Amino acid sequence: MKLPRTTLILILLALGLGGFVYFHEIRGATVREEIKEQKQQIFSFGEDDVQSLRVKTKKLTLNLERSPESSNPKWLIKSPISAPANDAIVSYLMDLLVKGKSERTLSTPVKELGEFALVQPQATINITLKNRQSHQLILGKPNFNGRFLYAEADPDAKPDGNINVLLVSTDFANAVNRELSEWKQSVDNSQKLPGLSTPLPTPTNGK
């Protein structure tokens, strides 16, 4: 039986509409959910849970420990020197560790980690909590457009033998690649901002 032209057009329109609904609403929702799940917290501990930090860069290995006293400074440098730490600088790093998120996770064979500069990383951060649990963040090179850094958090091979490579904020590199003098508490560091490597100039009567 031959269908009327009008009926055939209506059937084709219905099929087209059904396909649109599937790909936009059902399949699209799945893709959006996958993207949403990819952006997730790097670590689950809080700032007060952290007892000590070990920051290793290509120029410096720094050991920091929470001060046993409640008064300032909150943090102490234990090595390579013994001195009060610049709380603003340490807090900047702590905020990234506690609140930082991974923009995307890439399942990567171990043999390819060198391509992300994760075999010889620019920095490694070891975190020890008050309950003696430990965590590690390894920072590699920037991604192709320089918006993020490749990183590993608590690296451990999955059942398939791959490692999860994260894309994290470049602020991590700014937070750890510092001179020892920046980590130390200065005589007057009240005008020094966490993201800056030098103090702000002192205002002089509006001039």
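All of these numbers come straight from a predicted model, not from anything done at the bench.
Atom OG1 of residue Thr128 and atom NE2 of residue His135 lie 9.5 Å apart, to the nearest 0.5 angstrom. Here the CD1 atom belonging to Ile89 is positioned 14.5 Å from the CH2 atom belonging to Trp75, to the nearest 0.5 angstrom. Atom-to-atom distance recorded for Asn177:CG and Phe172:CZ is 13.0 Å, nearest 0.5 angstrom. Atom-to-atom distance recorded for Lys101:NZ and Ser169:OG is 13.0 Å, nearest 0.5 angstrom. Between Asn143 atom CG and Arg104 atom CZ the span is 8.5 Å, to the nearest 0.5 Å. Atom OG of Ser134 and atom CD1 of Ile127 lie 9.0 Å apart (nearest 0.5 Å).
Not a single donor-acceptor pair under 3.5 Å links the side chain of Asn86 to the backbone N or O of Trp183. Side-chain atoms of Arg178 come within 3.5 Å of backbone N or O of Ala175 as a donor-acceptor pair. Listed for the Lys56 side chain is no donor-acceptor partner under 3.5 Å among the backbone atoms of Gln122. Judged by distance alone, with hydrogens and angles left aside, the side-chain atoms of Asp49 form a donor-acceptor pair with the main-chain N or O of Gly46 at under 3.5 Å.
Between Gln185 and Asp87, the side chains place no donor N or O within less than 3.5 Å of an acceptor N or O (distance only, hydrogens not considered).
Using a 4.5 Å heavy-atom threshold, the side chains of Thr105 and Val165 count as separate. By the 4.5 Å heavy-atom criterion applied to side chains, Pro84 and Ile77 are not counted as neighbours. Side-chain contact between Ile163 and Glu152: present, with at least one pair of heavy atoms (C-beta onward) separated by less than 4.5 Å.
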Could you walk me through whether Phe45 and Val98 satisfy the side-chain contact (heavy atoms from CB on, under 4.5 Å) test, starting with their C-alpha distance in whole Å, then the side-chain angles of each, then the deciding distance to 0.1 Å, before giving a yes or no? CA-CA 6 Å; Phe45 55 78; Val98 171; 4.2 Å; yes
Starting from the C-alpha separation in whole Å, work towards a yes-or-no answer on side-chain contact (heavy atoms from CB on, under 4.5 Å) for Leu97 and Ile42. CA-CA 7 Å; Leu97 291 171; Ile42 299 173; over 6 Å; no
Might you work through the side-chain contact (heavy atoms from CB on, under 4.5 Å) test for Leu139 and Tyr150, ending with a clear yes or no? CA-CA 6 Å; Leu139 301 177; Tyr150 294 114; over 6 Å; no
Stepwise side-chain contact (heavy atoms from CB on, under 4.5 Å) test for Val176 and Leu93: CA-CA 7 Å; Val176 298; Leu93 173 58; 3.9 Å; yes
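Judged as a side chain to side chain donor-acceptor pair (under 3.5 Å), and not counting sequence neighbours, Ser52 has no contacts. The side chain to side chain donor-acceptor pair (under 3.5 Å) check on Lys141 picks up nothing, with sequence neighbours excluded. Under the side chain to side chain donor-acceptor pair (under 3.5 Å) criterion, Gln136 pairs with Asn126, sequence neighbours left out. Checked against salt bridge (charged side-chain N to carboxylate O under 4.0 Å, His left out), Lys99 has the following partners two or more places apart in sequence or in another chain: Asp95.
Minimum interatomic distance between Arg147 and Thr170 (heavy atoms only, all atoms of both residues): O-CG2, 3.6 Å. When all heavy atoms of Pro73 and Ser67 are compared, the closest pair comes out as O-CB, 3.2 Å. Summarising the geometry of Leu149 relative to Gly140, their closest heavy-atom pair is CD2-O, 4.0 Å, with the distance given to 0.1 Å. When all heavy atoms of Pro155 and Ile138 are compared, the pair lying nearest together is CG-CD1, 3.9 Å.
Hydrophobic clustering (side-chain heavy atoms under 4.5 Å, transitive across Ile, Leu, Val, Met, Phe, Trp, Tyr) keeps Leu76 apart from Met94.
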Identify every side-chain donor-acceptor pair in residues 57-66 under 3.5 Å, counting partners at least two apart or on other chains, and give the distances.
unit_1: Thr57; atom_1: OG1; unit_2: Lys59; atom_2: N; d: 3.3
unit_1: Thr57; atom_1: OG1; unit_2: Leu60; atom_2: N; d: 3.1
unit_1: Thr57; atom_1: OG1; unit_2: Leu60; atom_2: O; d: 3.3
unit_1: Asn63; atom_1: ND2; unit_2: Ser79; atom_2: OG; d: 2.7
unit_1: Arg66; atom_1: NE; unit_2: Val50; atom_2: O; d: 2.8
unit_1: Arg66; atom_1: NH2; unit_2: Glu47; atom_2: O; d: 2.7
unit_1: Arg66; atom_1: NH2; unit_2: Val50; atom_2: O; d: 3.0

Which atom pairs, one a donor and one an acceptor, fall under 3.5 Å between side chains of residues 106-118 and the rest of the protein, sequence neighbours left out?
unit_1: Ser107; atom_1: OG; unit_2: Lys158; atom_2: NZ; d: 2.8
unit_1: Ser107; atom_1: OG; unit_2: Asn162; atom_2: ND2; d: 3.2
unit_1: Thr108; atom_1: OG1; unit_2: Leu106; atom_2: O; d: 3.3

